[in-house]
Amino acid sequence: KTAYEISLGLVGSEMCIRDRYTFSPFSNEQIISFINDSTVSWTSTFSIPSLLEIFATISAFVINQFIYHFIKYFNNIIETIGNTPLVKLNKLTKEIDALVLAKVEYFNPGSSIKDRMALKMIEEAEKDGRLKPGYTIVEGTSGNTGMGLALAAIVKGYKLICVSTDKQSKEKFDVLKAVGAKVIVCPTDVKPDDPRSYYSTAKRIGEETPNSWYVNQYDNPSNTLAHYQTTGPEIWEQTNGKVTHFVVGVGTGGTISGVGKFLKEKKPSVKIWGIDTYGSVFKKYHETGVFDQNEIYSYVTEGIGEDILPKNVDFNVIDCFEKVTDKDAALYTRKLAREEGIFAGNSCGAAIAGVIQLKDNFKENEVVVKVIVGGPLKSKKGVNLPNTAISLPALTEKDMEDAVFAINQEVDWIALSFVRTPEDLRMLRDLIAQHSEYRIPVIAKIEQPEAVKNLDALIPYCDGLM
């Protein structure tokens, strides 16, 4: 009983004995050595008080080990990656006959599925010597991969440089900086082979930085391997092999290719469907084999679609692609939060919209698994409306459509260009009141001061002037 009380009272049996009972201290190592040494004549070597000290210490040590054996914990944060839950979607999919399940990946420590492949790419690079102690990791990322790499870098002791685009929010960059990453921002609207692009910049920094490793998630096979070894098996086990369709947005291609390969090996009839966005080349290339430059243009949805063909996209595994508009991605992101309680980013909204668009392909008793890739890193974002009605008295229909789309994305501010009259701002204010329950700040951008007759008249309708 005394030893048990000691073990509960203090951590470390040696300290328990010495501090509470002022006996001569014996370390755990000494105790084990005494026990294992068969040549020791205990009765001749130690006095009775000494033997009592030893036995008391042994008791405390054994009980301590017994107690700690039943404490469940992880040794570090990256050990918590994976084993994310499947959650049934109810309201959004009520018109779909099949059971639709969401694999909610923002339960990973970095809040996204990218934690899986970030850790795997690092581990594989360590194994073959590309990444060594003290090295700097370099990668181009829209945010989530950077967070996964940052967590692994913290635990393993590496430096990290993240290269991103000005399409991403400042708050995303602030989060990456908070976990120790250096962030470099590049322009979005340039071709991939332009030296200013984030693809080219990340590769160049990797080449120029001494003792560094360029990750290249788009072409790194460990990206796909991570999902073949973890995400795919989890889905198979969680559905007891009943999965019939797997749906996910496609960016780097690692998730759809890794999961798709695993599931098709288990059950060839499983359908693998990728969600693409307008402005991306995936769908047309998959259907025709043609890389069409005319398919490439700017879009808002982050995390899916590409203007390149990553090596990780295995088109042979994918059965079909479905394109989703930026507007529908934003609308279903909001619906996902308000009707299912799942707070995710626009790429996840796009995947939900894609499932809805494909609903006629699903039958009763089928099991559809879609991935909630991650929750949005907390951010503030705004939009600049061009105001195409430069020579007209008010906003055009196109301007108003753009404004409604921006409002539905729940932007934190809207800036209107070429403001000349209060009527421009008043119409924008009315649209905000109709389509949002929140007050969104409006900024008036005055590119043509000579066209503004009364500057003071604008002030009541806006929150700032530029």
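One is the number of the first residue; the rest follow in order along the sequence.
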Go through Leu99 and Val368 one step at a time and tell me if the side chain to side chain contact (heavy atoms under 4.5 Å, CB included) criterion holds. CA-CA 6 Å; Leu99 172 64; Val368 181; over 6 Å; no
Using side chain to side chain contact (heavy atoms under 4.5 Å, CB included), reason through Val259 and Val369 one step at a time and then give a plain yes or no. CA-CA 11 Å; Val259 174; Val369 175; over 6 Å; no
Evaluate the criterion salt bridge (charged side-chain N to carboxylate O under 4.0 Å, His left out) for residue pair Glu339 and Lys94; output intermediate values, then yes/no. CA-CA 11 Å; Glu339 297 183 28; Lys94 60 186 177 183; over 6 Å; no
Side chain to side chain contact (heavy atoms under 4.5 Å, CB included) assessment of Tyr106 paired with Ile342: CA-CA 10 Å; Tyr106 60 62; Ile342 297 176; 3.8 Å; yes
What's the verdict on side chain to side chain contact (heavy atoms under 4.5 Å, CB included) for Val163 and Ile205, showing C-alpha distance, side-chain angles and the deciding distance? CA-CA 9 Å; Val163 183; Ile205 292 174; 3.9 Å; yes
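A salt bridge between Glu124 and Lys127 is present, with a side-chain N of the basic residue lying under 4.0 Å from a carboxylate O of the acidic one. Between Lys323 and Glu295 there is a salt bridge, since a side-chain N of the basic residue sits under 4.0 Å from a carboxylate O of the acidic one. Salt bridge Glu340/Lys91: absent, no basic N to carboxylate O contact under 4.0 Å. Comment: Lys264 engages Asp319 in a salt bridge, judged by a side-chain N to carboxylate O separation of less than 4.0 angstrom. The existence of a salt bridge linking Glu423 and Arg426 is confirmed by a sub-4.0 Å separation between a basic side-chain nitrogen and an acidic carboxylate oxygen. Between Glu366 and Lys271 there is no salt bridge, since none of the side-chain N atoms of the basic residue sits less than 4.0 Å from a carboxylate O of the acidic one.
For Ser197 (side chain) and Asp193 (main-chain N/O), no donor-acceptor pair under 3.5 Å exists by modelled atom type. Distance alone, capped at 3.5 Å, places no donor-acceptor pair between the Asn240 side chain and the Lys242 backbone. Within the 3.5 Å criterion, the main-chain N or O of Pro233 finds no donor-acceptor partner in the side chain of Glu237. The main-chain N or O of Thr84 is found under 3.5 Å from a side-chain atom of Gln238 such that the two form a donor-acceptor pair. Asn108 places a side-chain N or O within 3.5 Å of a backbone atom of Gly82 that can act as its donor or acceptor partner. When atom types are taken as modelled, the side chain of Glu234 and the backbone of Asn83 share a donor-acceptor pair closer than 3.5 angstrom. Between the Glu306 side chain and the Val250 main chain, no donor and acceptor come within less than 3.5 Å of each other. Between the side chain of Thr93 and the backbone N or O of Ile96 there is no donor-acceptor pair closer than 3.5 Å.
Contact detail for Gly206 and Ser212: the closest heavy-atom pair is O-OG, 2.8 Å. Residue Pro192 comes nearest to Ser200 through the heavy atom pair O-OG, 3.0 Å, listed as atom of the first residue, atom of the second, then distance. The two residues Lys267 and Val243 have their closest heavy-atom pair at NZ-O, 2.8 Å. In terms of heavy atoms, Tyr73 sits closest to Asn75 at CE1-OD1, 3.7 Å. In terms of heavy atoms, Gly253 sits closest to Ser257 at O-OG, 2.9 Å. Of all the heavy atoms in Gly349 and Tyr332, the pair that sits closest is O-CB, 3.4 Å.
Residues Ile372 and Leu336 have side chains in contact (heavy-atom distance under 4.5 Å, counting atoms from C-beta outward). Between Leu119 and Glu123, some side-chain heavy-atom pair lies under the 4.5 Å cut-off. For the pair Thr255/Phe246, a side-chain contact is recorded, criterion being any heavy-atom separation below 4.5 Å from C-beta on. Between Val324 and Gln357, the closest side-chain pair of non-hydrogen atoms falls below 4.5 Å. For the pair Met147 and Val175, the minimum side-chain heavy-atom distance is below 4.5 Å. Taking 4.5 Å as the limit, every side-chain heavy atom of Lys120 sits out of range of all side-chain heavy atoms of His227. The closest side-chain heavy-atom distance from Arg116 to Gln229 is not below 4.5 Å. Using a 4.5 Å heavy-atom threshold, the side chains of Asp314 and Thr224 count as separate.
Side-chain contact annotation: Asp307 with Tyr199, donor-acceptor N/O pair under 3.5 Å present. Side-chain contact check for Asn220 and Gln217: no donor-acceptor pair (N or O, by modelled atom type) lies under 3.5 Å. Side chain to side chain, Thr301 and Asp326 meet the donor-acceptor criterion of an N or O pair below 3.5 Å. Using modelled atom types and a 3.5 Å distance limit, the side chains of Tyr158 and Glu126 yield a donor-acceptor pair. Defined by atom type and a distance below 3.5 Å, a donor-acceptor pair is missing between the side-chain atoms of Thr252 and Asn312. Side-chain contact check for Ser280 and Thr277: no donor-acceptor pair (N or O, by modelled atom type) lies under 3.5 Å.
Within 6.0 Å of the NZ atom in Lys203, the count of heavy atoms belonging to other residues, nucleotides or ligands does not exceed 12. The number of heavy-atom neighbours closer than 6.0 Å to CD of Glu364, taken from other residues, nucleotides and ligands shown, is 12 or below.
Atom-to-atom distance recorded for Thr80:OG1 and Asp115:CG is 7.5 Å, nearest 0.5 angstrom. Atoms OH and CG, on Tyr228 and Leu263 in that order, are 10.5 Å from each other to the nearest 0.5 Å. Here the CG-CG distance, from Asn346 to Leu331, works out to 9.5 Å after rounding to the nearest 0.5 Å. With rounding to the nearest 0.5 Å, the separation of OG1 in Thr141 from CD1 in Ile161 is 14.0 Å. Between atom CD1 of residue Ile308 and atom NZ of residue Lys191 there is a gap of 14.5 Å, rounded to the nearest 0.5 Å. To the nearest 0.5 Å, the span separating NZ on Lys283 from CD1 on Ile318 amounts to 12.0 Å.
Classified by interplanar angle (parallel below 30°, tilted 30° to 60°, perpendicular above 60°), the ring pair Phe362/Trp273 is tilted.
For Tyr285 and Phe321, the ring centers sit 6.0 Å or farther from each other.
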